[in-house]
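Quick caveat: nothing in here was measured; it's all calculated off a predicted structure.
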Number of protein chains: 2
Amino acid sequence: MSLESTLTPRARARVETIEQIKQIARHHLAVEGPNLSLRAVARDLGVVSSAVYRYFASRDELLTALIVDAYTSMADAIEQAEKQVPRRDLAGRWFALGRSARQWALHNQHEYALLYGSPVPGYAAPQDTIEPANRPVLLAMAILREGVERRAIDPPRDRLPKPVRADFERIASIDGFTGVPPGVMARAFTAWAQLFGTISFELFGRFTNAITDYDAYFEHQLKVTARHLGLSR
Amino acid sequence: MSLESTLTPRARARVETIEQIKQIARHHLAVEGPNLSLRAVARDLGVVSSAVYRYFASRDELLTALIVDAYTSMADAIEQAEKQVPRRDLAGRWFALGRSARQWALHNQHEYALLYGSPVPGYAAPQDTIEPANRPVLLAMAILREGVERRAIDPPRDRLPKPVRADFERIASIDGFTGVPPGVMARAFTAWAQLFGTISFELFGRFTNAITDYDAYFEHQLKVTARHLGLSR
DNA sequence: CGCGGTCTGAGAGCAGTGCTCTCGGACGAG
DNA sequence: CTCGTCCGAGAGCACTGCTCTCAGACCGCG
(Lines give C-alpha, C1' and ligand atoms only; values in the text may rest on other atoms or scores of the structure.)
Protein backbone atom coordinates (compact mmCIF):
# COMPACT_ATOMS: atom_id res chain seq x y z
CA MET A 1 0.00 0.00 0.00
CA SER A 2 2.79 2.41 0.88
CA LEU A 3 4.58 4.22 -1.85
CA GLU A 4 7.88 2.47 -1.28
CA SER A 5 6.45 -1.00 -1.55
CA THR A 6 5.34 -0.37 -5.10
CA LEU A 7 8.88 0.55 -6.10
CA THR A 8 11.59 -1.76 -7.26
CA PRO A 9 14.30 -2.48 -4.67
CA ARG A 10 16.71 -0.28 -6.57
CA ALA A 11 14.32 2.63 -6.67
CA ARG A 12 13.65 2.09 -2.98
CA ALA A 13 17.34 2.22 -2.20
CA ARG A 14 17.56 5.35 -4.28
CA VAL A 15 14.94 7.31 -2.38
CA GLU A 16 16.49 6.11 0.85
CA THR A 17 19.93 7.32 -0.20
CA ILE A 18 18.48 10.66 -1.25
CA GLU A 19 16.84 10.95 2.16
CA GLN A 20 20.11 10.07 3.89
CA ILE A 21 22.01 12.67 1.93
CA LYS A 22 19.49 15.34 2.79
CA GLN A 23 19.50 14.24 6.40
CA ILE A 24 23.28 14.54 6.65
CA ALA A 25 23.23 17.84 4.77
CA ARG A 26 20.61 19.21 7.19
CA HIS A 27 22.80 18.17 10.07
CA HIS A 28 25.85 19.83 8.56
CA LEU A 29 23.81 22.97 7.97
CA ALA A 30 22.76 23.04 11.60
CA VAL A 31 26.22 22.32 12.99
CA GLU A 32 28.73 23.76 10.53
CA GLY A 33 26.71 26.69 9.32
CA PRO A 34 25.54 27.74 5.89
CA ASN A 35 28.67 26.75 3.96
CA LEU A 36 27.42 23.34 2.95
CA SER A 37 30.14 21.11 1.50
CA LEU A 38 29.05 18.32 -0.77
CA ARG A 39 32.32 16.49 -0.22
CA ALA A 40 31.88 16.58 3.53
CA VAL A 41 28.38 15.19 3.16
CA ALA A 42 29.78 12.41 0.98
CA ARG A 43 32.42 11.63 3.59
CA ASP A 44 29.81 11.35 6.32
CA LEU A 45 27.80 9.09 4.07
CA GLY A 46 30.91 6.92 3.70
CA VAL A 47 31.08 7.45 0.01
CA VAL A 48 33.30 9.23 -2.47
CA SER A 49 32.14 12.68 -3.55
CA SER A 50 31.37 11.81 -7.14
CA ALA A 51 28.85 9.24 -5.96
CA VAL A 52 26.62 11.97 -4.57
CA TYR A 53 26.30 13.37 -8.07
CA ARG A 54 24.28 10.29 -8.97
CA TYR A 55 21.56 11.75 -6.75
CA PHE A 56 21.96 15.51 -7.04
CA ALA A 57 23.25 17.11 -10.20
CA SER A 58 24.93 19.89 -8.26
CA ARG A 59 25.33 21.43 -4.87
CA ASP A 60 22.68 23.97 -5.81
CA GLU A 61 20.22 21.21 -6.54
CA LEU A 62 20.84 19.69 -3.14
CA LEU A 63 20.37 23.08 -1.54
CA THR A 64 17.15 23.59 -3.45
CA ALA A 65 15.86 20.25 -2.22
CA LEU A 66 16.73 21.27 1.34
CA ILE A 67 14.92 24.55 0.85
CA VAL A 68 11.78 22.87 -0.42
CA ASP A 69 11.88 20.47 2.51
CA ALA A 70 12.41 23.34 4.93
CA TYR A 71 9.45 25.28 3.57
CA THR A 72 7.37 22.16 3.88
CA SER A 73 8.58 21.43 7.40
CA MET A 74 7.84 24.96 8.50
CA ALA A 75 4.42 24.96 6.90
CA ASP A 76 3.62 21.61 8.51
CA ALA A 77 4.60 22.90 11.93
CA ILE A 78 2.53 26.05 11.51
CA GLU A 79 -0.56 24.27 10.20
CA GLN A 80 -0.27 21.68 12.92
CA ALA A 81 -0.15 24.35 15.63
CA GLU A 82 -2.96 26.39 14.15
CA LYS A 83 -5.19 23.34 13.81
CA GLN A 84 -5.21 22.76 17.54
CA VAL A 85 -6.92 26.04 18.33
CA PRO A 86 -10.75 26.10 18.36
CA ARG A 87 -11.99 27.35 15.01
CA ARG A 88 -13.96 30.20 16.53
CA ASP A 89 -10.92 31.65 18.29
CA LEU A 90 -9.56 33.68 15.41
CA ALA A 91 -7.05 35.64 17.48
CA GLY A 92 -5.84 32.41 19.06
CA ARG A 93 -5.31 30.92 15.63
CA TRP A 94 -3.31 33.97 14.57
CA PHE A 95 -1.19 33.71 17.72
CA ALA A 96 -0.61 30.02 17.10
CA LEU A 97 0.48 30.76 13.56
CA GLY A 98 2.95 33.42 14.63
CA ARG A 99 4.32 31.57 17.62
CA SER A 100 4.90 28.35 15.74
CA ALA A 101 6.58 30.22 12.89
CA ARG A 102 9.01 31.77 15.34
CA GLN A 103 9.54 28.51 17.18
CA TRP A 104 10.33 26.72 13.97
CA ALA A 105 12.79 29.47 13.06
CA LEU A 106 14.47 29.24 16.46
CA HIS A 107 14.83 25.49 16.18
CA ASN A 108 16.04 25.57 12.58
CA GLN A 109 18.04 28.75 12.45
CA HIS A 110 20.22 28.02 9.45
CA GLU A 111 17.33 26.61 7.49
CA TYR A 112 15.33 29.72 8.31
CA ALA A 113 18.26 31.81 7.07
CA LEU A 114 18.15 29.80 3.86
CA LEU A 115 14.48 30.64 3.41
CA TYR A 116 14.24 34.19 4.68
CA GLY A 117 17.83 35.43 4.58
CA SER A 118 19.83 36.64 1.64
CA PRO A 119 19.08 34.58 -1.46
CA VAL A 120 21.67 31.92 -2.29
CA PRO A 121 24.09 32.89 -5.09
CA GLY A 122 23.47 30.62 -8.04
CA TYR A 123 20.01 29.70 -7.08
CA ALA A 124 16.77 31.07 -8.55
CA ALA A 125 13.65 29.96 -6.71
CA PRO A 126 12.22 27.17 -8.84
CA GLN A 127 8.55 26.45 -9.18
CA ASP A 128 8.71 23.74 -6.51
CA THR A 129 9.41 26.22 -3.74
CA ILE A 130 6.59 28.67 -4.25
CA GLU A 131 3.82 26.29 -3.30
CA PRO A 132 5.16 25.24 0.14
CA ALA A 133 6.46 28.76 0.70
CA ASN A 134 2.94 30.09 0.30
CA ARG A 135 1.20 27.69 2.63
CA PRO A 136 1.58 29.82 5.77
CA VAL A 137 0.39 32.86 3.86
CA LEU A 138 -2.67 30.98 2.69
CA LEU A 139 -3.35 29.91 6.23
CA ALA A 140 -3.28 33.51 7.38
CA MET A 141 -5.64 34.40 4.55
CA ALA A 142 -8.00 31.64 5.63
CA ILE A 143 -8.16 33.04 9.15
CA LEU A 144 -8.84 36.53 7.88
CA ARG A 145 -11.40 35.36 5.36
CA GLU A 146 -13.29 33.56 8.09
CA GLY A 147 -13.13 36.65 10.25
CA VAL A 148 -14.60 38.78 7.50
CA GLU A 149 -17.30 36.27 6.56
CA ARG A 150 -18.27 35.87 10.17
CA ARG A 151 -18.32 39.65 10.61
CA ALA A 152 -15.81 39.33 13.44
CA ILE A 153 -13.47 41.53 11.46
CA ASP A 154 -14.75 44.90 10.41
CA PRO A 155 -12.83 45.59 7.17
CA PRO A 156 -10.99 48.89 7.63
CA ARG A 157 -11.73 51.58 5.07
CA ASP A 158 -8.09 52.65 4.90
CA ARG A 159 -7.24 54.94 2.05
CA LEU A 160 -4.93 52.90 -0.16
CA PRO A 161 -2.88 54.30 -3.03
CA LYS A 162 -4.42 53.24 -6.34
CA PRO A 163 -1.64 50.89 -7.50
CA VAL A 164 -1.49 49.26 -4.09
CA ARG A 165 -5.23 48.72 -4.01
CA ALA A 166 -5.07 47.36 -7.55
CA ASP A 167 -2.43 44.82 -6.53
CA PHE A 168 -4.50 43.62 -3.61
CA GLU A 169 -7.63 43.39 -5.70
CA ARG A 170 -5.80 41.32 -8.26
CA ILE A 171 -4.36 39.09 -5.54
CA ALA A 172 -7.84 38.64 -4.11
CA SER A 173 -8.80 36.90 -7.34
CA ILE A 174 -6.10 34.25 -6.90
CA ASP A 175 -7.10 30.90 -5.51
CA GLY A 176 -6.77 30.93 -1.73
CA PHE A 177 -6.74 34.70 -1.48
CA THR A 178 -10.40 35.29 -2.24
CA GLY A 179 -12.77 36.86 0.22
CA VAL A 180 -10.20 39.12 1.81
CA PRO A 181 -10.97 42.81 1.17
CA PRO A 182 -8.07 45.03 0.12
CA GLY A 183 -8.01 46.90 3.39
CA VAL A 184 -7.63 43.70 5.36
CA MET A 185 -5.07 42.27 2.97
CA ALA A 186 -3.00 45.44 3.12
CA ARG A 187 -2.85 45.20 6.89
CA ALA A 188 -2.07 41.50 6.65
CA PHE A 189 0.90 42.14 4.37
CA THR A 190 2.12 44.78 6.75
CA ALA A 191 1.74 42.45 9.71
CA TRP A 192 3.54 39.70 7.82
CA ALA A 193 6.57 41.84 7.06
CA GLN A 194 6.56 43.04 10.64
CA LEU A 195 6.46 39.56 12.17
CA PHE A 196 9.04 38.01 9.88
CA GLY A 197 11.11 41.16 10.13
CA THR A 198 11.03 40.72 13.89
CA ILE A 199 12.00 37.05 13.67
CA SER A 200 14.86 37.86 11.32
CA PHE A 201 16.01 40.72 13.54
CA GLU A 202 16.06 38.37 16.52
CA LEU A 203 17.86 35.57 14.74
CA PHE A 204 20.31 37.72 12.88
CA GLY A 205 21.35 39.52 16.05
CA ARG A 206 19.85 42.90 15.28
CA PHE A 207 18.25 43.14 18.72
CA THR A 208 21.36 42.39 20.77
CA ASN A 209 21.99 44.95 23.50
CA ALA A 210 18.38 46.05 23.14
CA ILE A 211 15.77 43.36 23.64
CA THR A 212 16.49 40.85 26.39
CA ASP A 213 13.19 39.00 26.75
CA TYR A 214 12.62 37.86 23.20
CA ASP A 215 9.62 35.71 24.05
CA ALA A 216 7.77 38.59 25.66
CA TYR A 217 8.74 40.94 22.86
CA PHE A 218 7.44 38.67 20.13
CA GLU A 219 4.29 38.00 22.09
CA HIS A 220 3.77 41.74 22.22
CA GLN A 221 4.28 42.01 18.47
CA LEU A 222 1.66 39.33 17.97
CA LYS A 223 -0.81 41.25 20.09
CA VAL A 224 -0.14 44.43 18.16
CA THR A 225 -0.71 42.76 14.82
CA ALA A 226 -3.82 40.91 16.00
CA ARG A 227 -5.33 44.14 17.23
CA HIS A 228 -4.42 45.96 14.04
CA LEU A 229 -6.01 43.21 11.99
CA GLY A 230 -9.19 43.46 14.01
CA LEU A 231 -8.78 39.96 15.41
CA SER A 232 -8.83 41.21 18.99
CA ARG A 233 -9.42 44.39 20.97
CA MET B 1 46.69 69.56 6.43
CA SER B 2 45.01 66.50 4.97
CA LEU B 3 45.52 63.18 6.61
CA GLU B 4 47.43 61.70 3.72
CA SER B 5 49.98 64.46 3.51
CA THR B 6 51.13 63.78 7.06
CA LEU B 7 51.86 60.18 6.16
CA THR B 8 55.04 58.79 4.72
CA PRO B 9 54.84 57.90 1.04
CA ARG B 10 54.76 54.24 1.95
CA ALA B 11 51.87 54.65 4.33
CA ARG B 12 50.10 56.71 1.71
CA ALA B 13 50.52 53.95 -0.85
CA ARG B 14 49.24 51.52 1.73
CA VAL B 15 45.96 53.27 2.40
CA GLU B 16 45.52 53.72 -1.34
CA THR B 17 46.05 50.02 -1.98
CA ILE B 18 43.60 49.15 0.79
CA GLU B 19 41.07 51.46 -0.80
CA GLN B 20 41.67 49.88 -4.23
CA ILE B 21 41.17 46.40 -2.86
CA LYS B 22 37.92 47.37 -1.20
CA GLN B 23 36.82 49.13 -4.35
CA ILE B 24 37.43 46.05 -6.49
CA ALA B 25 35.84 43.82 -3.88
CA ARG B 26 32.74 46.02 -3.82
CA HIS B 27 32.56 45.79 -7.58
CA HIS B 28 32.88 42.02 -7.50
CA LEU B 29 30.18 41.86 -4.84
CA ALA B 30 27.84 43.90 -7.01
CA VAL B 31 28.56 41.99 -10.22
CA GLU B 32 29.43 38.44 -9.22
CA GLY B 33 27.25 38.17 -6.17
CA PRO B 34 27.99 37.40 -2.54
CA ASN B 35 30.67 34.75 -3.14
CA LEU B 36 33.59 37.12 -2.87
CA SER B 37 36.88 35.59 -4.03
CA LEU B 38 40.04 37.09 -2.66
CA ARG B 39 42.07 35.59 -5.49
CA ALA B 40 39.82 37.15 -8.08
CA VAL B 41 40.19 40.51 -6.38
CA ALA B 42 43.96 40.05 -6.45
CA ARG B 43 43.85 39.22 -10.16
CA ASP B 44 41.89 42.37 -10.91
CA LEU B 45 44.37 44.33 -8.90
CA GLY B 46 47.11 42.82 -11.06
CA VAL B 47 48.78 41.16 -8.15
CA VAL B 48 49.31 37.66 -6.83
CA SER B 49 46.87 36.48 -4.17
CA SER B 50 49.34 36.32 -1.32
CA ALA B 51 50.07 40.01 -1.74
CA VAL B 52 46.55 40.88 -0.67
CA TYR B 53 47.24 39.23 2.66
CA ARG B 54 49.67 42.09 3.37
CA TYR B 55 46.56 44.27 3.68
CA PHE B 56 43.86 41.99 4.99
CA ALA B 57 44.65 39.08 7.27
CA SER B 58 41.82 37.01 5.84
CA ARG B 59 38.84 37.05 3.57
CA ASP B 60 36.64 37.57 6.61
CA GLU B 61 38.60 40.65 7.57
CA LEU B 62 38.09 42.09 4.11
CA LEU B 63 34.40 41.30 4.31
CA THR B 64 34.19 42.95 7.71
CA ALA B 65 35.83 46.07 6.33
CA LEU B 66 33.30 46.10 3.51
CA ILE B 67 30.48 45.71 6.02
CA VAL B 68 31.70 48.61 8.12
CA ASP B 69 32.01 50.73 4.99
CA ALA B 70 28.55 49.71 3.86
CA TYR B 71 26.98 50.63 7.19
CA THR B 72 28.74 53.96 7.02
CA SER B 73 27.71 54.56 3.42
CA MET B 74 24.10 53.75 4.20
CA ALA B 75 24.08 55.93 7.30
CA ASP B 76 25.66 58.80 5.35
CA ALA B 77 23.01 58.53 2.65
CA ILE B 78 20.20 58.48 5.19
CA GLU B 79 21.52 61.37 7.26
CA GLN B 80 22.16 63.37 4.12
CA ALA B 81 18.58 62.85 2.92
CA GLU B 82 17.02 63.57 6.29
CA LYS B 83 19.03 66.75 6.71
CA GLN B 84 17.45 68.32 3.66
CA VAL B 85 13.96 68.33 5.13
CA PRO B 86 12.88 71.34 7.20
CA ARG B 87 13.39 70.57 10.88
CA ARG B 88 9.77 71.22 11.77
CA ASP B 89 8.48 68.67 9.27
CA LEU B 90 8.80 65.58 11.43
CA ALA B 91 6.77 63.33 9.17
CA GLY B 92 8.79 64.51 6.20
CA ARG B 93 12.00 63.67 8.00
CA TRP B 94 10.69 60.19 8.76
CA PHE B 95 9.73 59.71 5.12
CA ALA B 96 13.16 60.89 4.00
CA LEU B 97 14.79 58.43 6.37
CA GLY B 98 12.74 55.51 5.13
CA ARG B 99 12.93 56.38 1.46
CA SER B 100 16.67 56.87 1.46
CA ALA B 101 17.19 53.63 3.36
CA ARG B 102 15.25 51.75 0.69
CA GLN B 103 16.99 53.60 -2.13
CA TRP B 104 20.38 52.77 -0.72
CA ALA B 105 19.33 49.14 -0.42
CA LEU B 106 18.09 49.07 -4.02
CA HIS B 107 21.32 50.58 -5.31
CA ASN B 108 23.55 48.34 -3.19
CA GLN B 109 21.61 45.11 -3.08
CA HIS B 110 24.41 42.72 -2.23
CA GLU B 111 25.85 45.04 0.35
CA TYR B 112 22.40 45.36 1.88
CA ALA B 113 22.20 41.56 1.97
CA LEU B 114 25.52 41.55 3.78
CA LEU B 115 24.13 43.89 6.41
CA TYR B 116 20.54 42.75 6.80
CA GLY B 117 20.56 39.23 5.34
CA SER B 118 21.73 36.02 6.90
CA PRO B 119 24.85 36.58 8.99
CA VAL B 120 28.11 35.59 7.29
CA PRO B 121 29.51 32.21 8.43
CA GLY B 122 32.78 32.85 10.21
CA TYR B 123 32.08 36.40 11.05
CA ALA B 124 30.95 37.78 14.40
CA ALA B 125 30.02 41.46 14.32
CA PRO B 126 33.03 43.23 15.77
CA GLN B 127 32.82 46.40 17.81
CA ASP B 128 33.55 48.53 14.72
CA THR B 129 30.24 47.67 13.11
CA ILE B 130 27.83 48.52 15.89
CA GLU B 131 28.47 52.24 15.86
CA PRO B 132 27.78 52.87 12.15
CA ALA B 133 25.01 50.27 12.22
CA ASN B 134 23.24 52.26 14.92
CA ARG B 135 23.41 55.66 13.26
CA PRO B 136 20.09 55.35 11.38
CA VAL B 137 18.40 54.14 14.55
CA LEU B 138 19.74 57.09 16.47
CA LEU B 139 18.47 59.40 13.76
CA ALA B 140 14.99 57.93 14.10
CA MET B 141 15.21 58.38 17.84
CA ALA B 142 16.19 62.01 17.37
CA ILE B 143 13.12 62.65 15.23
CA LEU B 144 10.86 61.01 17.78
CA ARG B 145 12.49 62.77 20.71
CA GLU B 146 11.93 66.11 19.02
CA GLY B 147 8.34 65.18 18.35
CA VAL B 148 7.74 64.35 21.98
CA GLU B 149 9.56 67.41 23.31
CA ARG B 150 7.66 69.62 20.95
CA ARG B 151 4.40 67.93 21.90
CA ALA B 152 3.77 67.04 18.27
CA ILE B 153 3.70 63.41 19.27
CA ASP B 154 1.25 62.37 21.91
CA PRO B 155 2.97 59.40 23.59
CA PRO B 156 0.58 56.45 23.39
CA ARG B 157 -0.36 54.81 26.65
CA ASP B 158 -0.17 51.33 25.17
CA ARG B 159 -0.22 48.53 27.67
CA LEU B 160 3.23 46.96 27.41
CA PRO B 161 4.22 43.65 28.97
CA LYS B 162 6.44 44.28 31.98
CA PRO B 163 9.70 42.85 30.56
CA VAL B 164 9.18 44.71 27.30
CA ARG B 165 8.59 47.98 29.08
CA ALA B 166 11.63 47.32 31.23
CA ASP B 167 13.79 46.83 28.15
CA PHE B 168 12.62 50.08 26.63
CA GLU B 169 13.11 51.98 29.85
CA ARG B 170 16.64 50.66 30.10
CA ILE B 171 17.32 51.56 26.48
CA ALA B 172 15.97 55.05 27.12
CA SER B 173 18.88 55.58 29.50
CA ILE B 174 21.45 54.91 26.79
CA ASP B 175 23.10 57.86 25.12
CA GLY B 176 21.10 58.86 22.05
CA PHE B 177 17.98 57.05 23.15
CA THR B 178 16.94 59.41 25.93
CA GLY B 179 13.72 61.35 25.88
CA VAL B 180 11.74 58.70 24.03
CA PRO B 181 8.94 57.27 26.21
CA PRO B 182 8.52 53.48 26.21
CA GLY B 183 5.24 53.63 24.31
CA VAL B 184 6.84 55.60 21.49
CA MET B 185 9.95 53.46 21.44
CA ALA B 186 7.89 50.29 21.29
CA ARG B 187 6.07 51.58 18.25
CA ALA B 188 9.35 52.73 16.73
CA PHE B 189 10.87 49.26 17.08
CA THR B 190 7.79 47.78 15.49
CA ALA B 191 7.93 50.27 12.64
CA TRP B 192 11.63 49.57 12.16
CA ALA B 193 11.13 45.83 11.82
CA GLN B 194 8.22 46.46 9.51
CA LEU B 195 10.13 48.79 7.20
CA PHE B 196 13.30 46.74 7.00
CA GLY B 197 11.19 43.61 6.75
CA THR B 198 9.47 45.19 3.78
CA ILE B 199 12.77 46.17 2.15
CA SER B 200 14.16 42.67 2.67
CA PHE B 201 10.98 41.11 1.32
CA GLU B 202 11.23 43.26 -1.79
CA LEU B 203 14.92 42.62 -2.38
CA PHE B 204 14.85 38.95 -1.55
CA GLY B 205 11.97 38.31 -3.91
CA ARG B 206 9.31 37.56 -1.34
CA PHE B 207 6.82 39.90 -3.02
CA THR B 208 7.12 38.51 -6.54
CA ASN B 209 3.76 37.68 -8.10
CA ALA B 210 2.14 39.85 -5.47
CA ILE B 211 3.30 43.46 -5.35
CA THR B 212 3.99 45.06 -8.72
CA ASP B 213 4.40 48.74 -7.82
CA TYR B 214 7.09 48.53 -5.18
CA ASP B 215 7.55 52.29 -4.93
CA ALA B 216 3.89 52.87 -4.18
CA TYR B 217 3.81 49.97 -1.76
CA PHE B 218 6.75 51.19 0.26
CA GLU B 219 5.39 54.72 0.25
CA HIS B 220 2.20 53.29 1.72
CA GLN B 221 4.16 51.48 4.40
CA LEU B 222 5.88 54.72 5.31
CA LYS B 223 2.53 56.46 5.68
CA VAL B 224 1.23 53.68 7.89
CA THR B 225 4.24 53.81 10.18
CA ALA B 226 4.25 57.60 10.34
CA ARG B 227 0.60 57.61 11.33
CA HIS B 228 1.15 54.89 13.90
CA LEU B 229 4.04 56.83 15.39
CA GLY B 230 1.90 59.92 15.67
CA LEU B 231 4.02 61.84 13.17
CA SER B 232 1.06 62.47 10.89
CA ARG B 233 -2.69 62.01 10.75
C1' DC C 1 75.34 59.43 1.31
C1' DG C 2 75.10 54.72 2.66
C1' DC C 3 73.69 51.26 5.70
C1' DG C 4 70.14 48.25 7.87
C1' DG C 5 65.66 47.27 8.70
C1' DT C 6 61.06 47.26 7.14
C1' DC C 7 57.70 46.60 3.80
C1' DT C 8 55.95 44.35 -0.18
C1' DG C 9 55.18 41.34 -4.12
C1' DA C 10 56.20 36.74 -6.32
C1' DG C 11 56.11 32.00 -6.21
C1' DA C 12 55.50 27.47 -4.54
C1' DG C 13 52.76 24.71 -1.91
C1' DC C 14 48.93 22.59 1.15
C1' DA C 15 44.38 21.31 1.96
C1' DG C 16 40.09 21.91 0.69
C1' DT C 17 36.13 22.76 -2.79
C1' DG C 18 32.63 21.70 -7.00
C1' DC C 19 32.39 19.01 -10.81
C1' DT C 20 33.62 15.71 -14.86
C1' DC C 21 34.93 11.52 -16.85
C1' DT C 22 36.15 6.85 -17.14
C1' DC C 23 36.02 2.26 -15.57
C1' DG C 24 34.46 -2.03 -13.54
C1' DG C 25 31.32 -4.42 -11.01
C1' DA C 26 26.63 -5.27 -9.27
C1' DC C 27 22.05 -5.46 -9.95
C1' DG C 28 17.58 -6.46 -12.06
C1' DA C 29 14.25 -6.67 -16.01
C1' DG C 30 13.45 -9.26 -19.96
C1' DC D 1 20.86 -16.14 -18.12
C1' DT D 2 21.96 -12.37 -20.46
C1' DC D 3 22.14 -7.56 -21.51
C1' DG D 4 21.50 -2.99 -20.28
C1' DT D 5 21.09 0.05 -16.51
C1' DC D 6 22.76 1.81 -12.36
C1' DC D 7 26.14 3.04 -9.07
C1' DG D 8 30.46 3.68 -6.54
C1' DA D 9 35.57 4.38 -6.96
C1' DG D 10 39.25 6.86 -8.60
C1' DA D 11 41.78 10.21 -11.08
C1' DG D 12 41.86 14.66 -12.51
C1' DC D 13 40.82 19.80 -13.51
C1' DA D 14 40.22 24.33 -12.05
C1' DC D 15 39.30 26.89 -8.35
C1' DT D 16 39.42 28.52 -3.39
C1' DG D 17 41.72 30.45 1.33
C1' DC D 18 45.88 30.64 3.42
C1' DT D 19 51.06 29.95 4.71
C1' DC D 20 55.79 30.27 4.05
C1' DT D 21 60.00 31.60 1.95
C1' DC D 22 62.72 34.56 -0.79
C1' DA D 23 64.38 38.59 -3.04
C1' DG D 24 64.06 43.18 -4.11
C1' DA D 25 62.55 47.88 -3.29
C1' DC D 26 61.92 51.40 -0.28
C1' DC D 27 62.85 54.58 3.57
C1' DG D 28 64.56 56.38 8.01
C1' DC D 29 68.50 57.09 10.59
C1' DG D 30 73.17 57.82 11.53
Original post:
Of B:T17 and A:S58, whose nearest nucleotide on DNA chain C comes first from the 5' end?
Top reply: B:T17
Verify the contact: side-chain N or O of [X] to OP1 or OP2 of [N], cut-off strictly under 4.0 Å; return yes or no.
X	N	value
A:S50	D:dG8	no
B:R43	C:dA10	no
B:S37	D:dG17	yes
B:R39	D:dG17	no

Counting only side-chain heavy atoms from C-beta out, which of [options] sits nearest to [X]?
X	options	value
B:Y55	C:dG9, C:dC23, D:dT19	C:dG9
A:A51	D:dG8, C:dT8, D:dG17	D:dG8
B:L38	D:dC18, C:dG18, C:dT8	D:dC18
A:R54	D:dG8, C:dT8, C:dC19	D:dG8

Original post:
What about B:F168 and B:F177, are their ring centers closer than 6.0 Å?
Top reply: no
Subject >> Aromatic centroids of A:F207 and A:Y217 separated by under 6.0 Å >> reply: yes
Interatomic distance, [X] [atom1] vs [N] [atom2] [rounded to whole Å]:
X	N	atom1	atom2	result
A:R59	C:dT20	CZ	P	14 Å
A:Q20	D:dC7	CD	C1'	15 Å
A:I21	D:dG8	CD1	C1'	12 Å
A:Y53	C:dT22	OH	C1'	17 Å
A:I18	D:dG8	CD1	P	11 Å
A:E61	C:dG18	CD	P	15 Å
B:D60	D:dG17	CG	C1'	10 Å
B:R12	D:dC26	CZ	P	16 Å

By the 4.0 Å heavy-atom rule, please label [X] as base, sugar-phosphate, or nothing.
X	answer
B:L36	sugar-phosphate
B:V48	base
B:F56	nothing

Original post:
Heavy atoms, side chains only, cut-off 4.5 Å: are B:T64 and B:D128 in contact?
Top reply: no
Subject >> Contact check, side chains of A:E219 and A:R99, non-hydrogen atoms, under 4.5 Å >> reply: yes
Subject >> Aromatic B:Y116 / basic A:R206 pairing, under 6.0 angstrom, 45° off normal >> reply: yes
Original post:
B:W192 and B:P136: which non-hydrogen atoms are nearest, and at how many Å?
Top reply: CH2-O, 3.6 Å
**OP:** Assign each of B:A40 and A:R14 to its nearest nucleotide of DNA chain D by heavy atoms, then name whichever residue's nucleotide is nearer the 5' end.
**Re:** A:R14
